[in-house]
Amino acid sequence: MKIVIIGAVAGGASAAARARRLDEDAEIILIERGAEPSFANCGLPYYIGGEIESRDKLLVAPTAQLQQRHRLDVRTRQEVTAINREDKSVTVKKLGTGETYEETYDRLIISTGASPFRPPIPGIDGTHVLELRDLADADRMHDLVTTGNSRRAVIVGAGFIGIEVAENLIRRGLDVTVVELADQVLPPWDVEMVRPLENHLREQGVTLRLNDSAVAFEDCSTDDSNLTVKLKSGEEIPACFAVVCIGVRPESKMAADAGIACGPRGGIVTNDHMQTNDLNIYAVGDVAQVRDFITGEPTQIPLAGPANRQGRIAADHIFGRDSKYRGTQGTAVVGVFGKTAAMTGHSEKLLQRANGSYEKIYVHPNDHAGYYPGATQMTLKLLFDPDDGRIYGAQAVGTHGVDKRIDVIAMAIHSGMTVYDLEEVELCYAPQYGSAKDAVNMAGFVAAGVLRGDHSHAHSIDVLPISELDEEVLLDVRTEQEFARGHVPNARNIPLEVLRERYSELPRDRKIIVYCQVGQRGYMATRLLRQKGFNAVNLSGGYRLIHGSGQLENK
């Protein structure tokens, strides 16, 4: 068996190593146009920022290791320029000499990845407009911030890479402006979940320009800048360099030219075994179109974990194993100056686009027992089927323990579990690690309570603002001191502790929307009032969500 793999890094290198473990006698050729076959591209921003001090730490599997440990034929600085399906060969160009040659294959694996999207903006190909895809890009940016005289940078795009680059350039002492076309950072998340992170970024010195975009990069030469970034809003920002981080596009043109089917977003169409429409050719990683795990629809989600699994599955199938890729959930995490945002499954905005029915709840649990020192609060959003409770997705933002909770919910989604299962799931507990009723359990309790009809709830986006003349009454059941520090306009304040004595002050002919700080006291008040004959609902997420998401300011 002769296997040729185009591109290494995550998917290709994993496929090569797995293929060797399955067949010691197979001829395995790994062709990579870069200087290194396998590096940690997710670690590049942290090398630039100095968190990872040694560049060698980024080399996951150096050429010598792949050759000696796995007996692979590794060919770096060589690029496949054409796939010749008729004679089962590829055309290869040696980048150092320009020489070309043909290499035959029995099975071909395409792992060409995705390249940063660079729209046709005037000046985008200038010397000081960078991207961050590979080690060469990282080396250049590292040099600029360590040996150059760089003082200001503009980052175009506030997705994963943009935010990580911003954090690390701030660490290097640069003034950083982030420009984002959307009205929020981290566009895959729902907007109310990331508003607190935007405030956190500003507190750390990052300047945010949301609802704006770069329209031109103009070279200039001053004592402290090399270019001017012109924005659609009319603002002009001087910078030593700019970094374009506005998404990626699958590098699938060569495959398409060879007649290999590609989807509407450019990803190579694959089946569950990662095969293309040519059954001798496989595609893995960011270049491959796969299935959405929840809906089964085609999707394109560039993530390192799925790329590694896909490479392994392709190798398995080549050697007769019935391995199948189950689909991508979009489980992801990002750090933001000590804060963490993580998500899995579908966001609310995706569910809205699909026009499907869904329900949601918010909880604000501590990462570990409140009585143990150092406990911090997180916000967790759970999205689920309003009929059977099947989990669609989750997002969490906080300081500690966020990734752990989203990982648990990711497993629950993968297992087809429901919110009722989250109530019962048994997780490890000691006061420094969690609570007897873990954050995951709490999300399950609240969601299952909604489905059982134990309490009705409302969402702030649907009910705010409420005037004194509306058919609803807004009831704040926090303490008088909490109410005085900040409250929703037109809310009445009757603390939960005295509500039993004062509920007669409330009208029985109007809907009562109850809120507290995080939702727990609101739930208790709602249960009390409903048993007394009132039409009461709890405002999900409480005042913490309303205030943190900026909804009061927007209203």
Side-chain angles (χ1 to χ4, degrees), residues 1-17 19 26-39 41 59-67 70-118 125 127 130-140 248-262 266-268 276-278 280-288 302 307 311 314-315 318:
M1 176 70 72
K2 182 178 181 181
I3 303 172
V4 172
I5 303 172
I6 308 173
V9 192
S14 293
E27 182 180 1
I28 305 169
I29 301 172
L30 188 61
I31 303 174
E32 167 59 45
R33 67 185 173 193
E36 298 293 343
S38 184
F39 62 91
N41 51 5
L59 304 180
V60 177
T63 300
Q65 178 179 314
L66 293 174
Q67 291 171 335
H70 300 290
R71 292 298 188 268
L72 302 177
D73 183 350
V74 181
R75 304 177 186 178
T76 56
R77 299 294 296 153
Q78 298 190 26
E79 182 176 12
V80 174
T81 58
I83 299 169
N84 314 305
R85 292 170 56 197
E86 297 78 8
D87 57 3
K88 295 178 69 174
S89 72
V90 294
T91 302
V92 188
K93 180 180 180 180
K94 295 182 179 180
L95 298 181
T97 65
E99 175 190 353
T100 63
Y101 65 92
E102 304 294 312
E103 188 66 64
T104 61
Y105 61 83
D106 295 317
R107 298 291 185 273
L108 180 68
I109 300 177
I110 303 172
S111 180
T112 46
S115 58
F117 177 56
R118 293 175 75 85
D125 295 322
T127 304
L130 313 180
E131 59 191 26
L132 188 58
R133 184 192 184 193
D134 55 27
L135 283 169
D137 296 330
D139 289 338
R140 186 178 177 200
V248 296
R249 298 293 184 271
E251 288 210 17
S252 57
K253 183 179 184 304
M254 179 174 58
D257 290 344
I260 297 171
C262 296
I268 298 175
T276 69
N277 58 307
D278 184 328
N280 293 311
I281 300 177
Y282 297 72
V284 301
D286 295 354
V287 76
I318 287 172

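- Counting only heavy atoms from C-beta outward, the side chains of Tyr105 and Ile281 approach each other to under 4.5 Å.
- Remark: Ile6 CD1 to Thr81 OG1 distance equals 9.5 Å, nearest 0.5 Å.
- Side-chain atoms of Asn41 and Arg133, non-hydrogen and from C-beta on, never get closer than 4.5 Å to each other.
- Counting heavy atoms from C-beta on, the side chains of Thr104 and Asp87 never come closer than 4.5 Å.
- Among residues two or more places apart in sequence or in another chain, the side chain to side chain donor-acceptor pair (under 3.5 Å) test is passed with Asp106 by none.
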Exercise answer: donor-acceptor pairs, residues 108-117 side-chain atoms, under 3.5 Å, sequence neighbours excluded:
unit_1 : atom_1 : unit_2 : atom_2 : d
Ser111 : OG     : Gly12  : N      : 3.0
Thr112 : OG1    : Glu251 : O      : 2.8

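- Residues meeting the salt bridge (charged side-chain N to carboxylate O under 4.0 Å, His left out) test with Arg77, sequence neighbours left out: none.
- Applying the side chain to side chain donor-acceptor pair (under 3.5 Å) test to Glu102 and every residue at least two apart in sequence or in another chain returns Asn84, Thr91.
- Atom CD1 in Ile31 sits 6.0 Å away from atom CD in Glu103 (nearest 0.5 Å).
- In this structure, Lys2 and Lys88 have side chains that are not in contact, with every pair of non-hydrogen atoms separated by 4.5 Å or more.
- Listed by chain and residue number, Glu131 satisfy the side chain to side chain donor-acceptor pair (under 3.5 Å) test with Arg118 (two or more places apart in sequence, or in another chain).
- Among residues two or more places apart in sequence or in another chain, the side chain to side chain donor-acceptor pair (under 3.5 Å) test is passed with Thr276 by none.
- Here the side chain of Arg85 pairs a donor or acceptor atom with the backbone of Gly259 at under 3.5 angstrom.
- Put simply, the side chain of Asn277 reaches to within 4.5 Å of the side chain of Ile260, judged on heavy atoms.
- Contact detail for Leu72 and Ala16: the closest heavy-atom pair is CD1-CB, 3.7 Å.
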*Any chance you could lay out the side chain to side chain contact (heavy atoms under 4.5 Å, CB included) test for Val9 and Ser38, step after step, and finish with the verdict?*
CA-CA 4 Å; Val9 192; Ser38 184; 5.7 Å; no

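- Residue Ile318 holds its CD1 atom at 4.5 Å from CD1 of Ile3, rounded to the nearest 0.5 Å.
- To the nearest 0.5 Å, the span separating CZ on Arg75 from NZ on Lys94 amounts to 8.0 Å.
- Atom-to-atom distance recorded for Glu36:CD and Leu59:CG is 4.5 Å, nearest 0.5 angstrom.
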